[in-house]
Asks: 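Have a look at this one.
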4 protein chains.
Amino acid sequence: MNKVILVGRLAQDPEVRYTQSGKAVASFNLAVNRFSSGQGQNNADFIPIVAWEKLAETCGNNLTKGQKVLVDGRLQIRSYEANDGQKRRVAEVVAQSIEFLERRQAPASSGDAGNTDINSFGKDVYPEEEIPF
Amino acid sequence: MNKVILVGRLAQDPEVRYTQSGKAVASFNLAVNRFSSGQGQNNADFIPIVAWEKLAETCGNNLTKGQKVLVDGRLQIRSYEANDGQKRRVAEVVAQSIEFLERRQAPASSGDAGNTDINSFGKDVYPEEEIPF
Amino acid sequence: MNKVILVGRLAQDPEVRYTQSGKAVASFNLAVNRFSSGQGQNNADFIPIVAWEKLAETCGNNLTKGQKVLVDGRLQIRSYEANDGQKRRVAEVVAQSIEFLERRQAPASSGDAGNTDINSFGKDVYPEEEIPF
Amino acid sequence: MNKVILVGRLAQDPEVRYTQSGKAVASFNLAVNRFSSGQGQNNADFIPIVAWEKLAETCGNNLTKGQKVLVDGRLQIRSYEANDGQKRRVAEVVAQSIEFLERRQAPASSGDAGNTDINSFGKDVYPEEEIPF
DNA sequence: TTTT
DNA sequence: TTTT
């Protein structure tokens with residue numbers, strides 16, 4: 001059992017990258033307010049969220065900065081080598097599903113662009129299974 | 001909503017410290033297996049757990065390395081200044097409740113010590129509200 | 001561990017009653033859609049929610065039919081005697097916290113009534129700790 | 001979002017039945033203690049659990065009365081016609097995964113029967129998708 | 001670094 | 001009995 005359930009707002013637009021083998025991976029920070037029934041406080045945890053494959057593309061196509069979502073996932077500790085050569089650990093939530101809690105207005109000229117089409121992203125290439133960020 | 005539910009085993013005995021004002025705080029890593037119905041794999045996330053006050057003392061008194069527990073809490077991102085002067089962020093689960101999923105054998109000579117008595121710990125002093133580790 | 005987390009819409013306005021000793025208790029059904037990322041389906045579970053005391057009054061004062069909320073609670077099985085004298089069991093979720101996922105428009109003439117003031121309810125009397133519905 | 005997480009003990013051995021189309025469905029009650037960190041109380045909710053297909057067979061093969069498990073699932077309200085012709089509603093948790101929190105001793109003569117082999121069950125026939133109990 |  |  002490793003379950004995380006968060007309600008918050010995207011601190012930025014999701015960034016969608018691709019592994020070498022072409023798997024999509026989306027990432028963004030979720031601003032989760034600390035006293036969640038409250039209203040007036042500006043005290044939040046900024047929690048890194050990662051989504052893979054089909055869910056990653058849904059994120060890229062449908063989510064934007066400020067949007068309120070519920071993230072259901074698991075907490076993962078990932079090791080990486082920092083710039084100074086040191087091994088460091090980072091925690092992130094690997095999303096298993098994301099529920100939109102707010103309808104977003106369609107982008108300015110619908111039928112056209114916006115960042116709503118994942119295929120408009122260039123496919124940067126990354127080593128397979130290594131998260132590209 | 002910021003909810004985390006984990007089942008795992010303590011990677012080490014809890015460490016109990018005290019803030020300047022005398023608040024107890026326990027910390028340990030929880031080894032959470034990645035494919036939890038599985039049996040043979042030794043692939044786990046080591047997730048930092050923090051407990052405060054009464055719950056911290058319960059941890060110090062009752063939990064030992066290897067013990068299986070369920071932790072219910074919230075995910076928190078904490079900033080701190082690293083040794084190299086850099087500001088760094090660490091994620092940890094602040095426990096709201098801990099359920100023992102295994103009875104532990106009483107320590108060798110019960111009636112006596114072991115590390116089961118929190119009061120046997122010296123009360124190191126730390127600045128209030130700054131987590132001492 | 002007995003944890004329930006639901007996102008749904010109130011199927012009706014909360015009903016607030018009082019036990020003999022004056023404890024408030026609110027109840028309503030929550031319509032929880034079965035395939036929650038979906039949009040077009042009208043297939044839902046109608047799950048009975050119960051809230052006590054301060055939370056009950058918050059429900060009576062702030063929630064209305066159709067509103068989207070997140071309920072965090074526990075699942076409880078309650079026995080009662082039915083009209084035909086038979087003992088029957090009902091499941092309900094006892095809310096521990098409720099998060100509003102939608103701002104509601106203020107009632108028609110704010111500053112005045114609406115059903116936003118719990119104190120405008122008559123205090124029906126019920127035997128202590130027996131849920132009055 | 002419709003999530004239920006329970007820790008408790010099986011109140012009886014799982015019963016495994018089959019729908020007309022051959023889908024396995026297991027059912028049992030889970031005894032979930034009300035004050036879960038406590039020790040001395042014998043006050044529990046008996047919550048009906050249902051599992052389908054592969055998970056149902058795993059239940060039939062591996063779970064027995066008294067065993068401690070963690071159930072992760074969703075809460076479902078099901079309508080049925082009672083013996084007196086009345087329509088009645090029952091709540092149950094549809095398990096999505098079940099984690100064994102206790103190793104069970106192998107049945108008396110391993111290599112032989114016990115109720116550990118799902119195929120030893122006769123396949124009772126039920127109308128498709130109608131839960132057979 | 002950040003959301004409303 | 002029901003929500004959008």
Side-chain angles (χ1 to χ4, degrees), chain A residues 6-15 27-49 59 63-71 90 92-93 98-105 133, chain B residues 1-2 75-81 86-91, chain C residues 6-15 26-49 59 63-71 90 92-93 98-105 133, chain D residues 1-2 75-80 86-91:
Chain A
L6 304 170
V7 172
R9 293 182 183 277
L10 278 82
Q12 71 269 149
D13 288 345
E15 213 178 331
S27 62
F28 56 89
N29 284 298
L30 192 71
V32 179
N33 288 329
R34 285 217 170 155
F35 311 107
S36 61
S37 302
Q39 53 268 46
Q41 86 296 354
N42 56 353
N43 183 242
D45 288 291
F46 290 85
I47 299 177
I49 310 292
C59 289
L63 296 182
T64 57
K65 176 176 174 173
Q67 197 167 354
K68 191 174 198 170
V69 297
L70 182 153
V71 173
V90 64
E92 58 208 355
V93 172
I98 296 180
E99 195 164 327
F100 308 155
L101 299 176
E102 260 182 16
R103 207 54 29 220
R104 275 279 117 152
Q105 52 282 15
F133 41 88
Chain B
M1 164 98 320
N2 180 336
L75 178 55
Q76 173 180 270
I77 309 293
R78 188 162 52 85
S79 296
Y80 68 99
E81 192 156 332
Q86 295 253 264
K87 213 173 149 191
R88 220 158 280 158
R89 298 172 164 281
V90 64
Chain C
L6 304 170
V7 173
R9 292 181 184 277
L10 277 82
Q12 72 269 152
D13 287 346
E15 214 177 331
S27 62
F28 57 88
N29 285 297
L30 192 71
V32 180
N33 288 329
R34 285 216 171 156
F35 311 108
S36 60
S37 304
Q39 51 267 47
Q41 86 294 354
N42 55 353
N43 182 243
D45 288 292
F46 290 86
I47 299 177
I49 310 292
C59 290
L63 296 182
T64 56
K65 175 177 175 172
Q67 198 167 355
K68 191 174 198 170
V69 296
L70 183 152
V71 173
V90 64
E92 57 207 358
V93 171
I98 296 181
E99 196 165 326
F100 309 155
L101 299 176
E102 260 182 16
R103 206 51 32 219
R104 276 279 118 153
Q105 51 283 14
F133 43 87
Chain D
M1 163 98 321
N2 180 336
L75 178 54
Q76 173 180 270
I77 309 294
R78 188 160 54 85
S79 297
Y80 68 99
Q86 295 251 263
K87 215 173 148 190
R88 219 156 282 155
R89 296 170 167 283
V90 64

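Each chain gets a letter, A, B and so on, in the order its sequence line appears, and its residues count up from 1.
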Asks: Hey, could you give me the CG/CG distance between Leu70(A) and Leu6(A), rounded to the nearest 0.5 Å?
Replies: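 Those atoms lie 8.0 Å apart.
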Asks: Quick one: which of dT1(E), dT3(F), dT3(E) gets closest to the side chain of Ala31(C)?
Replies: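 Looking only at side-chain atoms, Ala31(C) lies closest to dT3(F).
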Asks: Under 4.0 Å between any heavy atoms, over every strand shown, what does Lys65(C) touch: base, sugar-phosphate, or nothing? Just pick one.
Replies: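 Sugar-phosphate, backbone atoms only, no base.
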Asks: Taking CD1 from Ile49(A) and C1' from dT3(E), how many angstroms apart are they, rounded to a whole number?
Replies: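 Nearest whole value for this atom pair: 13 Å.
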Asks: Can you tell me the distance, in whole Å, between the CG atom of Asn2(B) and the P atom of dT3(E)?
Replies: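 Nearest whole value for this atom pair: 18 Å.
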Asks: Compare the aromatic ring of Phe46(C) with the six-membered base ring of dT2(F) and state whether they stack according to the 5.5 Å and 30° rule.
Replies: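 Stacked: ring centres under 5.5 Å, planes under 30°.
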Asks: Describe the nucleic acid contact of Gly66(C) in one word from base, sugar-phosphate, nothing, applying a heavy-atom distance below 4.0 Å.
Replies: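 Touches sugar-phosphate only.
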Asks: Grab the CD-P distance between Glu92(C) and dT2(F) for me, whole Å please.
Replies: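 From Glu92(C) CD to dT2(F) P: 20 Å.
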Asks: Can you tell which of Lys68(A), Arg9(A), Gln67(A) makes a side-chain hydrogen bond (donor to acceptor under 3.5 Å, both in side chains) with Glu102(A)?
Replies: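 So, applying the side-chain hydrogen bond (donor to acceptor under 3.5 Å, both in side chains) to Glu102(A) and each of Lys68(A), Arg9(A), Gln67(A), only Arg9(A) qualifies.
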Asks: How close or far is atom P of dT2(F) from atom CG of Asp45(C), stated in whole angstroms?
Replies: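 Interatomic distance, CG of Asp45(C) to P of dT2(F): 14 Å.
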Asks: In whole angstrom, give the distance that lies between atom CG of Asp13(C) and atom P of dT4(F).
Replies: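 Atom CG in Asp13(C) sits about 11 Å away from atom P in dT4(F).
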Asks: For the pair made of CG in Leu70(C) and P in dT3(F), what is the distance, rounded to whole Å?
Replies: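 Rounded to the whole Å, the gap is 21 Å.
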Asks: Can you identify which nucleotide, out of dT1(E), dT3(E), dT2(E), has its nearest atom closest to the Lys87(B) side chain?
Replies: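 When the side chain of Lys87(B) is considered, dT1(E) is the closest of dT1(E), dT3(E), dT2(E).
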Asks: Check every atom of dT2(F), dT4(F), dT1(E) against the side chain of Asn33(C) and return the nucleotide holding the closest atom.
Replies: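 From the listed options, dT4(F) comes nearest.
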Asks: Using atom CD of Gln12(A) as one end and atom P of dT1(E) as the other, report the distance to the nearest whole Å.
Replies: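 It is 13 Å, rounded to the nearest whole Å.
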Asks: Is the shortest side-chain N/O distance from Arg9(C) to OP1 or OP2 of dT2(F) below 4.0 Å?
Replies: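 So the side chain of Arg9(C) is outside the cut-off, no N or O lying under 4.0 Å from OP1 or OP2 of dT2(F).
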Asks: Measure CG/Leu10(A) against P/dT4(E) and give the value in whole Å, please.
Replies: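 It is 10 Å, rounded to the nearest whole Å.
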Asks: Going by the rule side chain to side chain contact (heavy atoms under 4.5 Å, CB included), which residues pair with Gln12(C) if we only count those two or more places apart in sequence or in a different chain?
Replies: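 Result, side chain to side chain contact (heavy atoms under 4.5 Å, CB included) vs Gln12(C): Phe28(C), Asn29(C).
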Asks: Against Val71(A), only a single residue in Ile47(A), Val7(A), Leu30(A) fulfils side chain to side chain contact (heavy atoms under 4.5 Å, CB included); can you say which?
Replies: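 When side chain to side chain contact (heavy atoms under 4.5 Å, CB included) is applied between Val71(A) and each of Ile47(A), Val7(A), Leu30(A), only Leu30(A) qualifies.
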Asks: Kindly write out the residues that satisfy side-chain hydrogen bond (donor to acceptor under 3.5 Å, both in side chains) with Arg88(B), not counting sequence neighbours, or none if the list is empty.
Replies: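 Once residues adjacent in sequence are excluded, the partners of Arg88(B) under the side-chain hydrogen bond (donor to acceptor under 3.5 Å, both in side chains) criterion are Asp84(B).
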